[in-house]
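Presented below is the structure to which this report refers.
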Amino acid sequence: MNNYLHFLDERVSVRQFDPDVILSNDLIKEMLKHASYAPSSNNFQPWRVVVVKNKKKQKELKRLSAHQPQVETASAVFLLFGDKESYNLERWQAFHLKKGVITEDNAAERTNRIRQYFALHPEDKEIEGLRLDVGLFAMNLMQVVRAFGYDSVPMWGVDFEAIKTYLKVPNDWEPILMLPVGKALQAGYPHVRKSVEEFAEIIE
């Protein structure tokens, strides 16, 4: 238990990567497979991922990311998007029927329950829902990356619209996060955190 907690606690954002380390496509796919076990609202799984591991393209991504060097030196740059079409209930029903998670007998009831929920909280199938769901996926991915012996740094300060145009990403995908991944050349900044008493209250 302590070893596991120590592993989780030791995640830091790394900005100096070894530019000569290559991530294989098979390893990238393995990372994404494990990251996909992250929770999401009603298991809609609205994440979409574009992975760039081409130094010429990474150099252009660096230009569109305020020239932050980790974008070019990373072994791969994971771009995380949210797809609102994933909240389509017909697609949800077809997927879960195919996987045997629901049956023909209860499919209509389950789908109707989600439809009623969206009527109360329509924002949960818009950008708010995407940010939560893809954010959970992103955190899972960061820890999965570490489990494979690599590091990452979550980034938002980039020109996502220009990146979408450059990489020909579907226009209706919502940008959530850029995540450069690689082998650390230098440790990230140490954690400085508020005490539990400063941010939490326990009601008995």
Side-chain angles (χ1 to χ4, degrees), residues 4 7-9 11-13 27-52 61 65 71 74 76-102 106-148 150-165 167-181 199-200:
Y4 183 63
F7 174 82
L8 295 175
D9 291 346
R11 190 217 63 81
V12 293
S13 294
L27 183 53
I28 289 171
K29 291 176 183 177
E30 192 73 9
M31 288 176 173
L32 291 171
K33 181 186 77 172
H34 289 287
S36 73
Y37 285 96
S40 62
S41 172
N42 289 289
N43 200 36
F44 278 110
Q45 304 171 65
W47 40 78
R48 296 289 180 267
V49 184
V50 175
V51 184
V52 178
L61 294 185
S65 306
V71 179
V77 178
F78 291 63
L79 294 157
L80 310 187
F81 299 90
D83 180 10
K84 286 189 285 190
E85 280 300 308
S86 297
Y87 295 126
N88 180 293
L89 280 173
E90 285 69 31
R91 291 184 184 181
W92 179 92
Q93 180 173 293
F95 173 81
H96 286 83
L97 280 170
K98 180 179 178 181
K99 296 296 183 180
V101 179
I102 61 176
N106 66 12
E109 178 189 349
R110 292 280 300 276
T111 303
N112 187 56
R113 178 178 58 79
I114 298 172
R115 186 176 287 111
Q116 290 176 359
Y117 173 80
F118 278 151
L120 288 172
H121 298 283
E123 70 277 6
D124 280 4
K125 57 179 179 178
E126 300 296 331
I127 185 63
E128 289 88 346
L130 291 176
R131 285 174 178 163
L132 175 58
D133 286 338
V134 183
L136 291 169
F137 173 85
M139 190 67 248
N140 220 35
L141 177 58
M142 282 186 270
Q143 293 292 14
V144 166
V145 162
R146 293 186 62 239
F148 281 97
Y150 293 82
D151 286 286
S152 66
V153 53
M155 295 174 57
W156 176 248
V158 304
D159 188 345
F160 272 112
E161 291 308 312
I163 287 174
K164 285 169 64 176
T165 300
L167 296 177
K168 297 181 174 59
V169 173
N171 189 54
D172 56 350
W173 287 9
E174 294 285 351
I176 305 296
L177 193 72
M178 172 186 278
L179 191 73
V181 171
F199 68 80

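Positions are given from 1, in the same order as the sequence printed here. Below, all heavy atoms of this structure are taken into account, side chains as well, without hydrogens, waters or symmetry copies.
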Notebook entry, point to check: Would you say R11's side chain and M139's backbone share a donor-acceptor pair under 3.5 angstrom?
Noted result: no
Margin query: If we check side-chain contact (heavy atoms from CB on, under 4.5 Å) with V49, which of these qualifies: L80, V134, L79?
Written below: L80
Next item on the list: Would you check if S152 and S13 make a side-chain contact, meaning some heavy-atom pair closer than 4.5 Å?
Entry: no
Item checked: Spacing of M155 atom CE and S65 atom OG [to the nearest 0.5 Å] -> 5.0 Å
Next item on the list: Would you confirm whether S40, through its side chain, and Q45, through its main-chain N or O, come within 3.5 Å as a donor-acceptor pair?
Entry: yes
Distance-only check: which donor-acceptor pairs under 3.5 Å involve side-chain atoms of residues 113-121, not counting sequence neighbours?
{"from": "Y117", "atom 1": "OH", "to": "D124", "atom 2": "OD2", "distance (Å)": "2.3"}
{"from": "H121", "atom 1": "ND1", "to": "E123", "atom 2": "OE2", "distance (Å)": "3.3"}

Next item on the list: Mind telling me whether F44 and Y87 have parallel, tilted or perpendicular rings, with 30° and 60° as the class edges?
Entry: perpendicular
Notebook entry, point to check: Considering residues at least two apart in sequence or located in another chain, which fulfil the side chain to side chain donor-acceptor pair (under 3.5 Å) criterion with R110?
Noted result: none
Next item on the list: In sequence, state the C-alpha distance, the side-chain angles, and the governing distance for L61 and V52, and then conclude on side chain to side chain contact (heavy atoms under 4.5 Å, CB included).
Entry: CA-CA 9 Å; L61 294 185; V52 178; 4.0 Å; yes
Next item on the list: Evaluate the side chain to side chain donor-acceptor pair (under 3.5 Å) criterion for residues R48 and S86: first the C-alpha distance (whole Å), next the side-chain angles of each, then the deciding distance (0.1 Å), finally the verdict.
Entry: CA-CA 10 Å; R48 296 289 180 267; S86 297; 3.1 Å; yes
Note to self: What verdict does the side chain to side chain donor-acceptor pair (under 3.5 Å) test give for Q93 and T111, after you've listed the backbone C-alpha separation in whole Å, the side-chain angles of each residue and the deciding distance to 0.1 Å?
What the structure shows: CA-CA 7 Å; Q93 180 173 293; T111 303; 2.7 Å; yes
Item checked: I176 vs F137 side-chain heavy atoms within contact, under 4.5 Å -> no
Notebook entry, point to check: Are the side chain of N88 and the backbone N or O of R91 linked by a donor-acceptor pair below 3.5 Å?
Noted result: yes
Checklist line | Note, F148 side chain near I28 side chain (heavy atom, < 4.5 Å) | finding: no
Checklist line | Between CE on residue M178 and CZ on residue F78, distance to nearest 0.5 Å | finding: 12.5 Å
Next item on the list: Could you tell me the separation between the CH2 atom of W173 and the NZ atom of K164, rounded to the nearest 0.5 Å?
Entry: 10.0 Å
Next item on the list: Starting at NZ of K168, measure out to CD1 of I163 and round the result to the nearest 0.5 Å.
Entry: 14.5 Å
Check: CH2 of W47 to CG of L177: how many Å apart, nearest 0.5 Å?
Finding: 14.0 Å
Notebook entry, point to check: Is there side-chain contact between Y150 and L27, with heavy atoms separated by less than 4.5 Å?
Noted result: yes
Next item on the list: Describe, in one word, how the ring planes of F81 and F160 are oriented to each other, choosing from parallel (under 30°), tilted (30 to 60°) and perpendicular (over 60°).
Entry: perpendicular
Margin query: Let's go through D83 and L130 carefully: what are the C-alpha distance in whole Å and the side-chain angles of both, what is the deciding distance for side chain to side chain contact (heavy atoms under 4.5 Å, CB included) to 0.1 Å, and is it a yes or a no?
Written below: CA-CA 7 Å; D83 180 10; L130 291 176; 5.7 Å; no
Margin query: I need the K125 NZ to N42 CG distance, nearest 0.5 Å.
Written below: 12.0 Å
Check: Can you tell if the side chain of V50 reaches within under 4.5 Å of the side chain of V77, non-hydrogen atoms only?
Finding: no
Notebook entry, point to check: Tell me the salt bridge (charged side-chain N to carboxylate O under 4.0 Å, His left out) pairs involving residues 126-136, sequence neighbours left out?
Noted result: K84-E126
